[in-house]
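See structure below.
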Protein chains: 2
Amino acid sequence: MDKANYNEILNRFKVLIKENGMKYTKQREVILETLFFSNNHFTPESLYLLIKDNYPKLNIGIATVYRTLNFLEESELATSISFGMHGKKYEFGGKEHHDHLICKECGDIIEFLDDIIESRQEEIAKKHNYKIQSHNMQIFGVCPKCQKNKKFKG
Amino acid sequence: MDKANYNEILNRFKVLIKENGMKYTKQREVILETLFFSNNHFTPESLYLLIKDNYPKLNIGIATVYRTLNFLEESELATSISFGMHGKKYEFGGKEHHDHLICKECGDIIEFLDDIIESRQEEIAKKHNYKIQSHNMQIFGVCPKCQKNKKFKG
DNA sequence: TTGCCTGCAAATCCTTTGCATACTG
DNA sequence: CAGTATGCAAAGGATTTGCAGGCAA
């Protein structure tokens with residue numbers, strides 16, 4: 001399932017690369033692949049480290065990760081969220097839109113989608129004559145796990 | 001009106017300063033004052049430049065602006081929002097909670113508050129057993145002014 | 001073979017820190 | 001007068017850029 005889905009994404013990626021007069025490289029492929037399959041939120045550095053781990057034979061530098069993430073974001077194959085504390089994180093961008101519930105203690109992230117909030121947002125933008133492009137909402141709190149830990153600590 | 005309000009804030013600020021064994025300085029006062037009265041969203045640098053402009057006799061360094069903004073934010077007298085493009089911005093924090101509608105072209109910001117969204121957020125956090133602390137929502141779009149400009153350009 | 005990509009290291013940007021001096025209380 | 005705050009400049013951390021060699025087309 002995921003696999004089939006991925007091939008579609010990979011094709012879109014290849015087309016984008018060709019359209020931009022760029023070249024298809026192993027590094028670029030691996031970055032997209034990791035974003036897609038790990039289904040996680042990465043800082044450029046954490047993504048870089050994971051790739052080094054998973055593909056020990058592949059030579060990769062962090063500059064390439066930055067460069068590729070920027071390209072992927074422009075192409076809407078990656079999305080970034082920036083939240084105060086834990087820096088800017090990227091995730092695969094081809095998923096359905098969703099928002100984030102973030103633990104301020106451990107940085108853990110839960111994704112959610114709420115139709116009511118979505119439609120209110122549209123209305124608010126319309127009310128102010130803004131042409132809505134995207135939006136981005138984060139709820140910050142303490143996750144159940146960290147609430148427990150805090151209790152034990154004091 | 002604002003003036004009376006400001007005195008209250010200023011008192012709170014002075015108390016905070018005393019409580020923390022800190023000292024009341026002109027620089028700190030001017031930073032709070034500017035945040036309060038300009039009712040605007042500032043990067044540390046833009047705030048710094050405005051103050052230099054408005055108080056030519058006052059000697060102020062950007063390090064002090066950073067230091068004071070950090071203190072104000074901890075004390076909840078300033079709030080920051082970070083949105084991808086236009087960096088991290090601070091605003092006076094004593095206002096009622098609100099969210100932001102941001103123009104991606106010119107960085108213009110409209111504040112809004114929507115009760116329905118607010119209550120949905122509480123419910124979502126509760127559903128996931130998160131202890132909610134804060135949240136932060138940005139809608140990105142193009143403001144009416146920039147929509148017009150775009151038309152003329154192309 | 002051409003010219004884009006890469007890793008590396010240097011450069012840049014933003015923010016914080018160390019230090020000597022200035023000022024508050 | 002003691003001890004904090006300041007401005008400046010240097011240090012730090014994150015991201016971008018320049019370059020010489022490597023690889024895709």
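Numbers restart at 1 for each chain; the letters A, B, ... are given by sequence-line order, proteins then strands.
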(message) Taking atom NZ as the centre, does B:Lys127 end up with more than 12 heavy-atom neighbours from other residues, nucleotides or ligands that are less than 6.0 angstrom away?
(response) no

(message) Does B:Lys23 contact D:dT4 through a side-chain donor or acceptor facing the base, at a distance under 3.5 Å?
(response) no

(message) Any side-chain N or O of B:Thr25 below 4.0 angstrom from OP1/OP2 of D:dT6?
(response) yes

(request) In whole angstrom, give the distance that lies between atom CD of B:Glu19 and atom C1' of D:dT4. (result) 17 Å

(message) If I take atom CD in residue A:Glu73 and atom C1' in nucleotide D:dT16, what distance separates them, rounded to the nearest angstrom?
(response) 15 Å

(request) Map A:Val65 and B:Ile17 onto DNA chain C by nearest heavy atom, then report which one ends up closer to the 5' terminus. (result) A:Val65

(request) Check the distance between D:dA24's P and A:Phe13's CZ and give it to me in whole angstrom. (result) 14 Å

(request) Would you check if there is a donor-acceptor pair between the side chains of A:Glu91 and A:Thr79 at a distance under 3.5 Å? (result) no

(message) Counting only side-chain nitrogens and oxygens, does A:Arg28 get under 4.0 Å of the OP1 or OP2 atom of D:dA24?
(response) no

(request) Rounded to the nearest angstrom, tell me the gap between atom CZ in A:Phe71 and atom P in C:dC4. (result) 14 Å

(request) Grab the CD-P distance between A:Glu29 and D:dA24 for me, whole Å please. (result) 11 Å

(request) Would you verify whether the NZ or CZ of A:Lys14 falls within 45 degrees of the ring axis of A:Tyr24 while also being under 6.0 Å from that six-membered ring's centre? (result) yes

(message) For B:Glu73 and B:Ser80, which I'm curious about, is there any donor-acceptor pair between the side chains at under 3.5 Å?
(response) yes

(request) Would you please say whether a donor-acceptor pair under 3.5 Å links the side chains of A:His135 and A:Gln121? (result) yes

(request) Measure from CG on A:Leu32 to P on C:dC5 and round the result to the nearest Å. (result) 16 Å

(message) Angle between ring planes, A:His98 versus A:His41, binned at 30° and 60°: parallel, tilted or perpendicular?
(response) perpendicular

(request) Summarise how protein sits on nucleotides 15-20 of chain C as a single string, 5' to 3': B when a protein heavy atom is under 4.0 Å from the base, S for sugar-phosphate-only contact, - for no contact. (result) SBBB--

(message) With a 4.0 Å limit, can you tell me whether B:Gln27 has a side-chain N or O closer than that to the phosphate oxygens OP1/OP2 of D:dG7?
(response) yes

(request) May I have the distance from A:Phe42 (atom CZ) to D:dA14 (atom P), rounded to whole angstrom? (result) 18 Å

(request) Report the distance from atom CD1 of B:Ile31 to atom C1' of D:dG7, rounded to the nearest whole Å. (result) 13 Å

(message) Between A:Arg28 and A:Phe13, does the side-chain contact (heavy atoms from CB on, under 4.5 Å) criterion hold? Intermediate values first, please.
(response) CA-CA 9 Å; A:Arg28 287 177 175 164; A:Phe13 188 46; 3.9 Å; yes

